[in-house]
Amino acid sequence: MPVNPELVGRTYPPTAPYLVGREKVREFSRAVFATDPKSLDVEAARAAGHADLVAPPTFAVVVQEHTLAQLLADPEAGIDFSRVVHGDQRFTFSRPIVAGDELTATLTITSVKSLGGNSMVTAESSITGADGEHVVTATSTLVVRGEDA
Amino acid sequence: MTQLTVGETVAERTVELSRDSLVRYAGASGDFNPIHYRDDVAASVGLPGVLAHGMLTMGLAVQPVVEWAGGADRILDYQVRFTRPVVVDAASGTSVGVSAKVGALEEGVARIDLTVTVDGQTVLGKAQVRVRLDA
């Protein structure tokens with residue numbers, strides 16, 4: 001089943017707030033081989049003017065994941081998870097994510113294209129802080145393989 | 001960092017990935033897709049082996065740039081295209097090579113282009129990091 005082209009422009013409800021934990025930032029930092037003291041040492045982060053540890057750039061995917069789950073669970077989208085391949089990914093920051101942030105993500109589908117039996121879905125998740133200010137936008141293109149692909 | 005020139009290599013690193021690395025990333029990120037730790041599941045969906053999470057490759061590839069730039073808070077934008085799967089052997093793991101070059105310079109911002117390779121083949125396309133240079 002092809003991905004529903006009427007998804008374009010659809011915006012999903014904001015996700016429940018995600019509280020960024022200091023130890024989660026440390027755990028994620030180790031997992032991506034980060035060496036930045038601002039991601040590991042609270043004193044180093046504070047010396048640089050941050051309230052707490054600074055998350056590595058790709059940490060935003062942890063929050064974005066909750067929006068992609070909304071998309072995959074949407075029966076009107078018609079996306080078979082077992083056929084999804086991650087095509088590309090982008091993070092565009094207004095400021096870094098810092099431990100203690102309470103982040104909310106809002107997903108908008110910006111494009112659905114068909115290409116050689118596959119569908120390409122571009123999903124843009126705008127992530128904001130508790131103050132409502134933009135922190136980072138995480139954009140994924142998902143390739144949904146067709147039945148014969 | 002005022003003496004940067006386009007084409008200059010600013011960082012290089014080789015990261016050794018093992019199955020342990022994949023399990024650690026699964027836990028840290030919450031991505032528990034079994035193709036990243038179970039050979040039987042990977043084989044059943046036609047993959048050449050257990051794969052590293054694309055987001056793990058993306059996440060580790062930017063680290064040499066973060067270190068060079070002086071911290072994660074200097075990264076303004078980061079994008080990649082996933083062009084080739086990274087197979088991680090259960091016994092021997094795999095080596096991921098990262099090379100970071102200056103792709104473009106503008107007022108206070110450098111675009112750093114990453115070349116990320118496994119066994120001499122690139123695994124990420126259009127891997128670009130925009131870095132804030134000013135204090």
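Naming: A, B, ... by sequence-line order, numbering from 1 per chain. Only this structure's heavy atoms are used, side chains among them; waters, hydrogens and symmetry mates stay out. Nothing here was measured: the structure is a model prediction, and the numbers come from that model.
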Measure B/Ile75 against the heavy atoms of chain A and call it side chain, backbone, both or neither at under 4.5 Å.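 Both parts, backbone and side chain.
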
Contact origin within A/Ala55 toward chain B - heavy atom pairs under 4.5 Å: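 The backbone, not the side chain.
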
Between B/Val10 and B/Leu4, is a side-chain contact (heavy atoms from CB on, under 4.5 Å) present by the stated rule, with each step listed? CA-CA 9 Å; B/Val10 295; B/Leu4 286 176; 4.0 Å; yes

Between chain A and chain B, identify all donor-acceptor pairs below 3.5 angstrom, including backbone and side-chain atoms.
residue: A/Lys24; atom: NZ; partner: B/Gly27; partner atom: O; Å: 3.3
residue: A/Lys24; atom: NZ; partner: B/Ala28; partner atom: O; Å: 3.2
residue: A/Thr35; atom: OG1; partner: B/Glu67; partner atom: OE1; Å: 2.4
residue: A/Asp36; atom: OD2; partner: B/Ala72; partner atom: N; Å: 2.7
residue: A/Lys38; atom: NZ; partner: B/Gly70; partner atom: O; Å: 2.8
residue: A/Lys38; atom: NZ; partner: B/Asp73; partner atom: OD1; Å: 2.8
residue: A/Lys38; atom: NZ; partner: B/Asp73; partner atom: OD2; Å: 3.2
residue: A/His50; atom: NE2; partner: B/Asp73; partner atom: OD2; Å: 2.6
residue: A/Gly87; atom: O; partner: B/Phe82; partner atom: N; Å: 2.8
residue: A/Gln89; atom: N; partner: B/Val80; partner atom: O; Å: 3.0
residue: A/Gln89; atom: O; partner: B/Val80; partner atom: N; Å: 2.9
residue: A/Arg90; atom: NE; partner: B/Asp77; partner atom: OD1; Å: 3.0
residue: A/Arg90; atom: NE; partner: B/Asp77; partner atom: OD2; Å: 3.1
residue: A/Arg90; atom: NH2; partner: B/Asp77; partner atom: OD1; Å: 3.3
residue: A/Arg90; atom: NH2; partner: B/Asp77; partner atom: OD2; Å: 3.3
residue: A/Phe91; atom: N; partner: B/Tyr78; partner atom: O; Å: 2.8
residue: A/Phe91; atom: O; partner: B/Tyr78; partner atom: N; Å: 2.9
residue: A/Thr92; atom: OG1; partner: B/Asp77; partner atom: OD2; Å: 2.7
residue: A/Phe93; atom: N; partner: B/Leu76; partner atom: O; Å: 2.9

Look at B/Ala26, B/Gly30, B/Gly59 and state which one has the largest set of heavy-atom pairs under 4.5 Å with chain A.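 It is B/Gly59.
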
Top residue by heavy-atom pair count (under 4.5 Å) with chain A, among B/Leu60, B/Val129, B/Leu22?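 Option with the top pair count is B/Leu60.
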
Linking directly or through intermediates, with side-chain heavy atoms under 4.5 Å: list the remaining ILVMFWY members grouped with B/Leu47, chain and number order.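 Joined to B/Leu47, directly or through intermediates: B/Ile35, B/Val41, B/Val45, B/Leu51, B/Val87.
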
What residue pairs, at least two apart or across chains, pass ring-ring contact (aromatic ring centres under 6.0 Å, His included) with a residue in residues 89-119 of chain B?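 ring-ring contact (aromatic ring centres under 6.0 Å, His included) check on residues 89-119 of chain B returns no pairs.
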
Pairs flagged by ring-ring contact (aromatic ring centres under 6.0 Å, His included) wherever residues 92-119 of chain B is involved - sequence neighbours left out: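 Qualifying pairs: none.
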
Working for side chain to side chain donor-acceptor pair (under 3.5 Å), residues A/Thr104 and A/Thr128: CA-CA 5 Å; A/Thr104 299; A/Thr128 54; 5.0 Å; no

If we only count heavy atoms from C-beta on, is the B/Leu114 to B/Val80 side-chain gap below 4.5 Å?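 When only atoms from C-beta onward are counted, B/Val80 and B/Leu114 do not touch, as no gap falls below 4.5 Å.
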
B/Leu76 side chain near B/Val131 side chain, heavy-atom distance below 4.5 Å: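 Counting from C-beta outward, B/Leu76 and B/Val131 never come under 4.5 Å.
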
Please check: side-chain N/O of A/Asn4 versus main-chain N/O of A/Glu76, any donor-acceptor pairing under 3.5 Å?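 The answer is yes, because a donor-acceptor pair under 3.5 Å joins these two groups.
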
